Amino acid sequence: MVVNLELLAELVTFQRYGTLSATAEHLMMTQPTVTRGMKRLEQSLGVTLFDRQVSNRIKLNATGLLAAKEAKKLLKAQSDFTDKILNYDRLRNEIAVASVAPGPTGFLEQIKNQINAKLAITHQTINPDKVLDELRNLKEKLIFTNQEIVADDIESMYLGIEYLGVGIDKFNPLSQRKRISFRDLEGLSFLVVQDIGPWRQVVEDSIPNATFLYQENLSAMSKISQYSSFPFFFSNLSQRMPATVNRFNNSNRNAVQITDPRNQMELYGTYLKSERQNVQPILKEIVKRWPK
């Protein structure tokens, strides 16, 4: 028996939206086309999937509900299969790298010319909950994580600690101090890069009564930094990045260290064990150059 995947997709869509008209609208098809497709699916399977007792309205029966549930699994498996093959082909000659926080990939970008590998670095952070799927589906070969991950097919290598500093306007008394705590920053308004991964929760939870002005566009953020007095964060990994250097050069701010128990994030390189031979040499080079 060969089942048409497009018909299974129509079934799953019907189960989600509940009517033929809504299904047709979502799939950009005509309602008669969807109706004929559902009848063909029943004929292919040799079962009845719909209760047609109510005039002008059908609904899935118990068999139809089970079929829709299993079809959803099958369609996901087919999608995962396609992604895995395409990703494998893409990754044969390069190491795709991603991170749950922006610091490690920004740092890797600075030193990549010193590493003997073809790297494809993604600077948009990924959700920590997606790390295992990203690796197993071969979307990335290496992901920087803020926790060690140990599984039958995945392992992590410790890299070092990332910690934050803050650029403070020179006219603010705090800027004259060598070290401050998160609590010392109470009530201030900060200019922050939108995509800072787990650090977002850290600063929001640690600085009382603060306001965070998140910016997605880095060019706009640099301009705002230049013409405003809002403090901004940087880290030991990003402090030498051109964008960070330019922000200090173009503004009247001093770099101040934050000494606080919450101001440290352990970072790891996480990868499939099958990729250990390819990935570990890169991680060892990163550890050698990790900013203290």
Side-chain angles (χ1 to χ4, degrees), residues 1-91 96 98-101 120 122-141 143 145-147 149-154 194-195 197-198 200-201 214 216 270-272 274-275:
M1 178 192 304
V2 178
V3 180
N4 188 312
L5 292 178
E6 291 183 0
L7 296 181
L8 293 181
E10 291 179 28
L11 177 66
V12 170
T13 305
F14 179 87
Q15 191 269 335
R16 179 179 179 184
Y17 290 97
T19 67
L20 290 170
S21 60
T23 300
E25 181 179 357
H26 178 77
L27 296 174
M28 293 185 288
M29 303 167 64
T30 66
Q31 185 170 325
T33 299
V34 175
T35 300
R36 289 193 296 270
M38 294 300 91
K39 289 181 178 178
R40 288 203 310 274
L41 181 59
E42 287 181 315
Q43 291 169 359
S44 297
L45 294 173
V47 298
T48 300
L49 301 173
F50 297 90
D51 180 354
R52 296 182 172 88
Q53 294 181 0
V54 179
S55 178
N56 296 324
R57 180 174 176 83
I58 66 172
K59 64 179 182 178
L60 291 171
N61 59 24
T63 302
L65 290 171
L66 177 61
K69 179 180 178 181
E70 295 302 316
K72 190 179 297 184
K73 295 179 184 178
L74 184 58
L75 291 169
K76 184 179 186 306
Q78 186 268 342
S79 176
D80 289 345
F81 166 80
T82 302
D83 286 347
K84 197 164 189 176
I85 297 303
L86 293 176
N87 290 329
Y88 174 79
D89 185 68
R90 177 176 62 87
L91 293 180
S99 179
V100 302
T122 299
H123 292 286
Q124 182 176 0
T125 63
I126 64 173
N127 189 314
D129 294 336
K130 300 291 185 182
V131 169
L132 298 183
D133 287 342
E134 295 274 317
L135 291 172
R136 286 168 177 160
N137 289 331
L138 305 181
K139 290 185 178 180
E140 277 83 29
K141 283 189 179 179
I143 299 178
T145 58
N146 62 331
Q147 59 182 351
I149 297 177
V150 179
D152 291 341
D153 57 339
I154 291 173
Q194 178 74 34
D195 194 8
R200 180 167 184 161
Q201 195 68 49
Y214 290 102
E216 185 172 355
T270 300
Y271 51 89
L272 289 172
S274 60
E275 293 292 339

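The structure displayed is predicted, hence computed values, not measured ones. Sequence positions, counted from 1, serve as the residue numbers for this chain. All heavy atoms count here, side chains included; hydrogens, waters and symmetry mates do not.
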Discussion item. Ignoring hydrogens, what is the shortest heavy-atom contact between F50 and I58? Give both atom names and the distance.
Written reply: CD2-CD1, 3.6 Å
Item to complete: Taking all heavy atoms of N127 and all of D129, pick out the closest pair and write down the distance.
Response: OD1-N, 2.8 Å
Worksheet item: When rounded to the nearest 0.5 angstrom, what is the spacing between CD in E42 and CG in L7?
Response: 11.0 Å
Discussion item. Quick check for you: to the nearest 0.5 Å, what is the distance between K76 atom NZ and K72 atom NZ?
Written reply: 12.0 Å
Worksheet item: How far does CD1 of I126 sit from CG of D133, to the nearest 0.5 angstrom?
Response: 10.0 Å
Worksheet item: Measuring from L65:CG to L11:CG, what's the distance to the nearest 0.5 Å?
Response: 9.0 Å
Item to complete: Under the side chain to side chain contact (heavy atoms under 4.5 Å, CB included) rule, what do T122 and E140 come out as? Steps first, then yes or no, please.
Response: CA-CA 9 Å; T122 299; E140 277 83 29; 4.3 Å; yes
Worksheet entry | Over all atoms of both residues, closest heavy-atom pair of Q194 and E216 | CB-CA, 3.8 Å
Worksheet item: Should I154 and R136 count as side-chain neighbours, where that means a heavy-atom distance under 4.5 Å?
Response: yes
Practice prompt. Evaluate the criterion side chain to side chain contact (heavy atoms under 4.5 Å, CB included) for residue pair L49 and M38; output intermediate values, then yes/no.
Written response: CA-CA 8 Å; L49 301 173; M38 294 300 91; 6.0 Å; no
Practice prompt. Please check if the side chain of D195 supplies one atom and the backbone of T125 the other of a donor-acceptor pair under 3.5 Å.
Written response: yes
Fill in: Non-hydrogen atoms of A96 and K139 that approach each other most closely
CB-O, 3.7 Å
Worksheet item: Taking atom CD of E25 as the centre, does the number of heavy atoms from other residues, nucleotides or ligands within less than 6.0 Å exceed 12?
Response: no
Discussion item. Keeping N61 on the side-chain end and T48 on the backbone end, is there a donor-acceptor pair under 3.5 Å?
Written reply: yes
Worksheet item: To the nearest 0.5 Å, what is the distance between CG (L41) and CD (E10)?
Response: 8.5 Å
Discussion item. Quick one, L5 and L74 - any side-chain contact, counting heavy atoms below 4.5 Å?
Written reply: yes
Discussion item. Give me the atom names and distance for the closest heavy-atom approach of V100 to N146.
Written reply: CG2-N, 3.7 Å
Fill in: Other residues, nucleotides, ligands: >12 heavy atoms within 6.0 Å of E6 CD
no
Worksheet item: Between atom CG of L27 and atom OG1 of T33, what is the distance when rounded to the nearest 0.5 Å?
Response: 10.5 Å
Worksheet item: Are the side chains of L272 and L138 in touch, meaning some heavy atoms are under 4.5 Å apart?
Response: yes
Worksheet item: For the residue pair A9 and L75, what are the closest heavy atoms and their distance?
Response: CA-CD1, 3.7 Å
Worksheet entry | S99 side chain to A101 backbone, donor-acceptor under 3.5 Å | yes
